[in-house]
Structure formats: C-alpha cells, structure tokens
Amino acid sequence: GAVVSQHPSWVICKSGTSVKIECRSLDFQATTMFWYRQFPKQSLMLMATSNEGSKATYEQGVEKDKFLINHASLTLSTLTVTSAHPEDSSFYICSARLAGRDSYEQYFGPGTRLTVT
Amino acid sequence: AQSVAQPEDQVNVAEGNPLTVKCTYSVSGNPYLFWYVQYPNRGLQFLLKYITGDNLVKGSYGFEAEFNKSQTSFHLKKPSALVSDSALYFCAVRDNSGYSTLTFGKGTMLLVSP
C-alpha cells in the first residue's frame, strides 16, 4: 500500500513552453502533498506544500508564478512549470502524507526528469 | 529551525562487512527521524523511522538505526553489506508538531565493493 505515482517519468521540452507533472496517491488519500526539486548528487529541496482545496505554501525563493501547484483532490496534485528555461532542468519528486494530523510518514513518487532545451 | 547533518559524502565498505552511515539532527521538541534510500533516477524509498519507543529501530532490507537523544544522532547500520546496497542514503527529521515538513540531509553515497 501507500503508492505514489508521477507522470510523466521524464519529459523534454523547449524553452518558453509549459510542462505539467502529475502526482497521484494510488491507494490512499493525501490531504498534504509536497513537491521537491533535486539537482544531481544533491539533496531534496522542498519547493512547496500543497493542501487539498487550498493554495500551496511555497518555500522562500521559489517563484509561485513559475511553479504552479494545484491540489484539486485528495489523490492528485499537479506541478506546472511555466515558461520553462534550461535552468529549470532538474529531477522533480512529489511526496504525499496520509490524511490525519498524526500521520508520520511521507511516501515518495518515482520522480520526473525534466530537460529544457 | 530544524536541520540534519550527514558528515560523509561517501562511505566505502567491502561486501560482508558492517556499515554505518552517520546522521545528526537538530530540532525543537521531540524528533521524528527517517532514513530513505535513492537509486539512480528514482524516487526515495522508505527504510525506517523513529517516532517513539525503543531506541533501536529495525527497517527494510536488514537495516537498522539507533536513536541517541544525548548525542542527537540517528546512525544507519547494517551488520553485513551487500553490493546491491550501493545507493544514496538520506536522513530526514521533522518535529512532532503535527504539520511540520521533513528536512533532509545532503545525502551519503554508499559504495559496497565485491
């Protein structure tokens, strides 16, 4: 149980275009989902926290107009990279926390490799 | 603010030998501590967690970790390393306030030689 999927697993796009990444909790409800960015051989950097039905909370330094996050249901969150630039190329990982205040664990998706040319 | 330190960028160990990957943390209140493993171009896989109770926590694939409150450490251990254990390991911490977020260490690459 507690499986998180991401789609697509990899994507190549041209500069200036927008890319949407989906994150789904397959067998549980997730009131909270997290989006991370990871550069090669580096740790995960939290970009934003999204709660179902409300606006995402972005970490300092993350452009909310560039990285649009929507958490429309308890099983789906999307990250849209708008007007992508080569420096947006990275590995994006989503994570979902089980519904419930005392839930401890986060379950991670397999990641999406974005390459902007 | 909470933080995690993984002092080693890389740990090298021969197959069959015991391994230790170090982690220290800083957090307000009681910590929730986690270890995750990441294989190339993959997401994170959960290994084990400490929430409360016994200081020695056993997890997946024969890994264990010991919570030491006085030293604020949560080192990952395995009695006998396998070549397939070679991967990137992340320690993470959050506080027990209910809605806090995970803070990750920078990761430690474990290389197990045959």
Side-chain angles (χ1 to χ4, degrees), chain A residues 1-11 21 23-26 31-51 54 56-60 62 90-115, chain B residues 1-10 21 23 25 27 29-53 57 59-60 67 74 86-111:
Chain A
V3 177
V4 177
S5 70
Q6 279 183 246
H7 179 78
S9 55
W10 60 270
V11 57
I21 302 170
C23 175
R24 294 182 184 272
S25 55
L26 298 184
T31 52
T32 305
M33 288 187 172
F34 307 87
W35 286 95
Y36 295 85
R37 183 173 180 177
Q38 185 182 30
F39 292 102
K41 298 184 180 181
Q42 293 190 27
S43 189
L44 280 70
M45 181 192 77
L46 179 65
M47 299 174 67
T49 302
S50 74
N51 291 295
S54 62
T57 301
Y58 289 81
E59 296 299 302
Q60 192 172 7
V62 178
S90 191
F91 194 52
Y92 292 87
I93 303 175
C94 76
S95 176
R97 181 184 289 173
L98 284 165
R101 180 184 174 90
D102 295 325
S103 177
Y104 311 120
E105 294 182 34
Q106 287 180 219
Y107 299 92
F108 289 81
T112 297
R113 172 74 60 192
L114 170 63
T115 302
Chain B
Q2 56 197 35
S3 65
V4 176
Q6 292 182 243
E8 303 150 317
D9 290 336
Q10 185 168 305
V21 183
C23 170
Y25 66 91
V27 69
N30 294 321
Y32 292 165
L33 294 155
F34 304 82
W35 275 101
Y36 293 88
V37 60
Q38 184 181 34
Y39 294 96
N41 294 309
R42 303 297 296 274
L44 272 65
Q45 295 180 31
F46 169 79
L47 279 180
L48 51 79
K49 69 177 184 289
Y50 171 82
I51 304 299
T52 187
V57 178
S60 307
F67 170 61
F74 190 57
S86 298
L88 187 58
Y89 290 80
F90 290 100
C91 180
V93 69
R94 55 171 282 209
D95 65 36
N96 63 347
S97 65
Y99 294 105
S100 68
T101 58
L102 277 177
T103 297
F104 286 87
K106 63 181 174 66
T108 299
M109 179 63 72
L110 173 65
L111 293 177

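Because only heavy atoms are used, hydrogens play no part in the values below, and waters and symmetry mates are left out as well, while side chains stay in.
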What residues, two or more places apart in sequence or in another chain, satisfy ring pair (Phe, Tyr, Trp, His ring centres under 6.0 Å) together with B:Phe34? none
Chain A heavy atoms under 4.5 Å from B:Ile51: which part of the residue, side chain, backbone, both or neither? side chain
Structural part of B:Phe46 lying under 4.5 Å from a heavy atom of chain A: side chain
Quick one: which of A:Leu44, A:Thr112, A:Ile93 has the most heavy-atom pairs under 4.5 Å with chain B, could you say? A:Leu44
dist B:Leu44:CG -> A:Gln106:CD (nearest 0.5 Å) comes out at 10.0 Å
Chain B heavy atoms under 4.5 Å from A:Gln6: which part of the residue, side chain, backbone, both or neither? neither
Any residue meeting side chain to side chain contact (heavy atoms under 4.5 Å, CB included) with B:Gln45, in chain and number order, not counting sequence neighbours: B:Val37, B:Tyr39, B:Tyr61
Donor-acceptor check, side chain of A:Ser43 to backbone of B:Gly105, threshold 3.5 angstrom: yes or no? yes
